[in-house]
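Let me begin by presenting the structure, written as structure tokens, before commenting on it.
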Number of protein chains: 2
Amino acid sequence: MKVTELAKEFGTTPDTVRYYTRLKLLNPTRSENGYKYYPPIEISKLKFILSARQLGFSVSDIQHIVDEASLGKAACPLVRSLIKERLAETEKQFQAMLALRKNMKDALAQWEVKEDKAPTSTMVCHLIDSFEPTEENGGSHE
Amino acid sequence: MKVTELAKEFGTTPDTVRYYTRLKLLNPTRSENGYKYYPPIEISKLKFILSARQLGFSVSDIQHIVDEASLGKAACPLVRSLIKERLAETEKQFQAMLALRKNMKDALAQWEVKEDKAPTSTMVCHLIDSFEPTEENGGSHE
DNA sequence: CTTGACCTGTGTCTTACACACAGGTCTAAA
DNA sequence: TTTAGACCTGTGTGTAAGACACAGGTCAAG
């Protein structure tokens with residue numbers, strides 16, 4: 001399989017396949033003309049990479065996992081440990097987004113009923129300057 | 001106020017203040033020795049920028065808002081329109097994270113009870129290869 | 001006069017690709 | 001046979017919002 005064929009097969013882009021190949025996560029063979037050809041084993045590796053990405057592993061994580069596996073060791077303990085880390089991070093970001101979303105919605109609601117005001121030397125936009133986060137958010141950092 | 005003082009005042013970093021200054025969002029004066037000094041008006045601009053960032057505006061958005069305001073026009077319509085866009089984007093990302101988080105949690109649960117397995121030529125890690133997303137997630141793209 | 005804490009600009013690094021570009025290669029039609 | 005178009009190649013750059021590094025200037029205190 002060639003790059004574009006492979007990408008289409010898995011609903012990703014040629015650039016993504018090339019990117020993984022640059023990082024040596026994929027190791028296609030070369031045909032006479034210089035084109036990359038992906039044999040079945042590389043195809044299954046791509047499938048693996050895409051699955052792992054969907055589960056929140058970083059590309060760097062995947063490299064570590066593949067390295068481990070290429071030594072013949074079971075990567076499972078590493079995989080379990082990594083996903084705990086990533087899940088914790090995701091949870092943090094998730095909470096942050098939850099708060100952000102609420103702030104944005106509140107702001108939108110507050111602003112719908114406020115009139116426009118021209119800027120002054122000390123105020124760029126009174127909407128933003130006057131926005132008050134509500135109870136749950138806006139508390140200082142904890 | 002000097003860079004570090006200013007950063008501390010608002011709980012941000014000197015690098016962030018320098019970054020905004022590079023982009024000319026802030027325009028400090030220079031003292032004899034070449035140091036940047038931020039007069040009160042620049043201090044209030046920084047406050048504005050940080051508030052806007054907290055509301056999900058991009059730095060580029062803020063530049064547009066500031067540009068508009070510097071022409072003497074009310075930036076309010078632009079601000080209302082931008083936050084709608086940003087909120088829509090945030091909502092999308094939020095839903096994506098929600099799904100990701102669920103997948104990660106499900107994977108973690110599935111994996112706690114599975115044994116380790118050495119890799120084979122066609123399988124890097126059976127945990128990841130065998131993961132099945134549950135109902136709500138995993139549906140094809142819609 | 002030296003130490004140490006601050007400041008300066010500039011440049012590089014991060015993530016996970018997307019996109020551009022100049023040029024090589026293949027297929028099929030004219 | 002030529003040629004158009006659709007593919008491929010590598011390499012280089014751009015993205016967001018800073019973080020970090022580095023070489024060197026500045027300043028107050030001892």
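Excluded from the calculations below are hydrogen atoms, water molecules and symmetry mates; all remaining heavy atoms, backbone and side chain alike, are included. Convention: sequence-line order gives letters A, B, ...; per-chain numbering from 1.
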Closest listed nucleotide, where the reference is the side chain of [X] and the choices are [options]:
| X | options | answer |
| --- | --- | --- |
| B/R30 | C/dT8, C/dA18, D/dG18 | C/dT8 |
| A/T16 | D/dG18, C/dT10, C/dA18 | C/dA18 |
| A/D15 | C/dT8, C/dA18, D/dT9 | C/dA18 |
| B/K36 | C/dA16, C/dG9, D/dG25 | C/dG9 |
| A/R22 | D/dT11, D/dT9, D/dG18 | D/dT11 |
| B/Y20 | D/dG18, C/dA18, C/dT8 | D/dG18 |

Rounded to whole Å, how long is the line connecting atom [atom1] of [X] with atom [atom2] of [N]?
| X | N | atom1 | atom2 | value |
| --- | --- | --- | --- | --- |
| B/F10 | D/dG18 | CZ | C1' | 19 Å |
| B/Y19 | D/dC20 | OH | P | 16 Å |
| A/L100 | D/dA17 | CG | P | 12 Å |
| A/L55 | C/dA16 | CG | C1' | 17 Å |
| B/I49 | D/dA17 | CD1 | C1' | 13 Å |
| A/K8 | D/dA6 | NZ | P | 12 Å |
| B/L23 | C/dT10 | CG | C1' | 15 Å |
| A/F57 | C/dT15 | CZ | P | 17 Å |

[N] phosphate, OP1 or OP2, under 4.0 Å from [X] side-chain N/O:
| X | N | value |
| --- | --- | --- |
| A/R18 | C/dA18 | no |
| B/T13 | D/dG18 | no |
| B/N33 | D/dG25 | no |
| B/K2 | C/dT8 | no |

Practice problem: Decide whether B/E89 and B/Q93 meet the rule of one side-chain donor and one side-chain acceptor closer than 3.5 Å. | Solution: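 B/Q93 and B/E89 do not have a side-chain donor-acceptor pair below 3.5 Å.
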Quiz item: Hey, what do you get for OG (B/S51) to CG (A/L127), rounding to the nearest 0.5 Å?
Solution: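 Answer for the OG-CG pair, B/S51 versus A/L127, is 12.5 Å.
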Exercise. Answer whether the closest heavy-atom distance between the side chains of A/L87 and B/R101 falls below 4.5 Å.
Key: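 Side chain of A/L87 against side chain of B/R101, heavy atoms only: contact under 4.5 Å found.
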Quiz prompt | A/F131 side chain near A/N103 side chain, heavy-atom distance below 4.5 Å | solution =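 Answer yes - side chains close enough.
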Quiz item: Given that A/R53 and B/P14 both sit by DNA chain C, which one's nearest nucleotide is further toward the 5' end?
Solution: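 Nearer the 5' end of the strand: B/P14.
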Quiz item: Do you know which two heavy atoms are closest between B/A118 and A/G72, and how far apart they sit?
Solution: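 Closest heavy-atom pair between B/A118 and A/G72: CB-O, 4.0 Å.
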Quiz item: Starting at the 5' end of DNA chain D, which residue's closest nucleotide do you reach first, B/E32 or A/E5?
Solution: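 Final value for this comparison: A/E5.
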